[in-house]
There are 2 protein chains.
Amino acid sequence: MAVKDDVRCQIVDAAKKRFSHFGYAKTTMAEVATDCAMSPGNLYRFFPGKLDIAEAIATEDYQHHLDQLARLVSVSEKPARERLRDLFFQELRRTYNKLESDPRAYEIALIISRERPEYANWMLANERKILTRLIEDGQRRGEFAPGNADYTAEMLQSATMKFRYPQLWSKLSLPKLERELEGVLALVVDGLCTRLPCPDAA
Amino acid sequence: MAVKDDVRCQIVDAAKKRFSHFGYAKTTMAEVATDCAMSPGNLYRFFPGKLDIAEAIATEDYQHHLDQLARLVSVSEKPARERLRDLFFQELRRTYNKLESDPRAYEIALIISRERPEYANWMLANERKILTRLIEDGQRRGEFAPGNADYTAEMLQSATMKFRYPQLWSKLSLPKLERELEGVLALVVDGLCTRLPCPDAA
DNA sequence: CCCCTGAATAATCAACAATCTATTCATTCT
DNA sequence: AGAATGAATAGATTGTTGATTATTCAGGGG
């Protein structure tokens, strides 16, 4: 099995080179196979199809991103409120910069989100787990109101949809997106209703 | 000028029939012209182009919708909080049902949002005016926290993006959208932070 | 028996021609 | 003159044909 993983790795590496050089569409399976010194047919013993290779590449990168988010949340000296802000800003900036600076990544993101909508759901679910942990922590500290943390996380994600795949929908510049995210988070955290000053824990 | 408006109306009516029968793409300017007993070229004395006729049709409908929203907001016996809910639910349901029940409307919505993104901005701005009024009213009554109402309205719209053109992005069913909207509104209204019970005015 | 190959297949794509149609404008009518 | 026409144009759309290419699978090693 370990050897099989090595080959998968080799394929992913070869594809990564090709994709970043010529793009996903202009890379053929035959080329990737040749780079790996194997036949095209053999690729299919390691990946169900071309898109799955692209997914593997994307996921490798995404894992780093997820780790980073998890790390932000676990800086437990900071108030939950600030960590929440860090989380969403990190998410926005990394996605924006990635898609902005790398047209190849943009191409692949576009294709995956069209052909594999469940992939986006999977990412959302991963991030929700982290978000839920943060909310639970905030509740434990008395910063956030008690309630179903997972449900709250879902609603938070729903309210910040616009900032998740910035350039796939909105065409806004990063500064404008940041300004809006700031505002939305303030709204969501403090609420619209009149409130007496927060009995800040900590 | 009044006679010019009559002709515009006649054109819009003819186009409405054609569009709802055969769709926007399959309707030609020549056909609309014939229906109005005029030459194709003459249409251009009344509308800059084909899309503008579609826009006029859409706007006619939209005005009713806007009026309805304005009416909801001005029911001043209700707490602002409830009117806010009414406003967003009305918005969601009417858009969802319109696009769901009428494939021709969906076709036109798709084309306008592609070719005329500024139209969507215009609609957003209209609705923001209504929303701002509601927020100001809520602030006056002490239900909502004081602050820049227009800015708050903008952020509210940003947080409810997902529900504005439901089937252009999300493919969720109406019940699921309603559940999410309910949750997002609750979050936004009450806020994430711990709060002492609202010193409800009224 | 398990790996692997590479030709066969079917789906997709690119390029080109042919057609159609939105838009313009020189001209005609009133 | 101002209103209206409809032929001319340019750009988009459609249909077709000929590759290209992802994917499969019958068979050849090891």
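Here is how names work: the chains are called A, B, and so on, in the same order as the sequence lines, proteins then strands, and each is numbered from 1. Values below: every heavy atom of this structure, side chains too, minus hydrogens, waters and symmetry copies.
- A side chain to side chain contact (heavy atoms under 4.5 Å, CB included) with B:Ile130 holds for exactly one of B:Glu127, B:Arg133, B:Arg128; it is B:Arg133.
- A cation-pi geometry, defined here as NZ or CZ lying under 6.0 Å from the six-membered ring centre and within 45° of its normal, does not hold between B:Arg141 and B:Phe144.
- By the 4.5 Å heavy-atom criterion applied to side chains, B:Leu69 and B:Leu131 are not counted as neighbours.
- Taking the side chain as every heavy atom from C-beta outward, A:Tyr119 and A:Thr59 approach each other to under 4.5 Å.
- For DNA chain C, the neighbouring residues in residues 9-43 of chain B, judged by any heavy atom under 4.0 Å, are B:Thr27, B:Thr28, B:Met29, B:Gly41.
- Checking A:His65 against A:Glu91 by side-chain atom types alone, a donor-acceptor pair falls below 3.5 Å.
- Within residues 111-118 of chain B, no residue approaches DNA chain D, by heavy-atom distance under 4.0 Å.
- For B:Tyr44 and C:dA22, the OH to P distance is 6 Å, given to the nearest whole Å.
- When each of A:Ile112, A:Ile111, A:Ile108 is paired with A:Glu55, the side chain to side chain contact (heavy atoms under 4.5 Å, CB included) condition holds for A:Ile112 and for no other.
- Residues B:Pro166 and B:Thr95 meet the side-chain proximity criterion, which asks for heavy atoms closer than 4.5 Å.
- A straight line from CG of A:Leu51 to P of D:dT21 spans 17 Å, rounded to a whole angstrom.
- Rounded to whole Å, the distance from CD1 on A:Ile53 to C1' on D:dA22 is 11 Å.
- Rounded to whole Å, atom C1' of C:dA22 lies 12 Å from atom CG of B:Asp52.
- Looking at A:Phe88 and A:Val184, their side chains never come closer than 4.5 Å, going by heavy atoms from C-beta outward.
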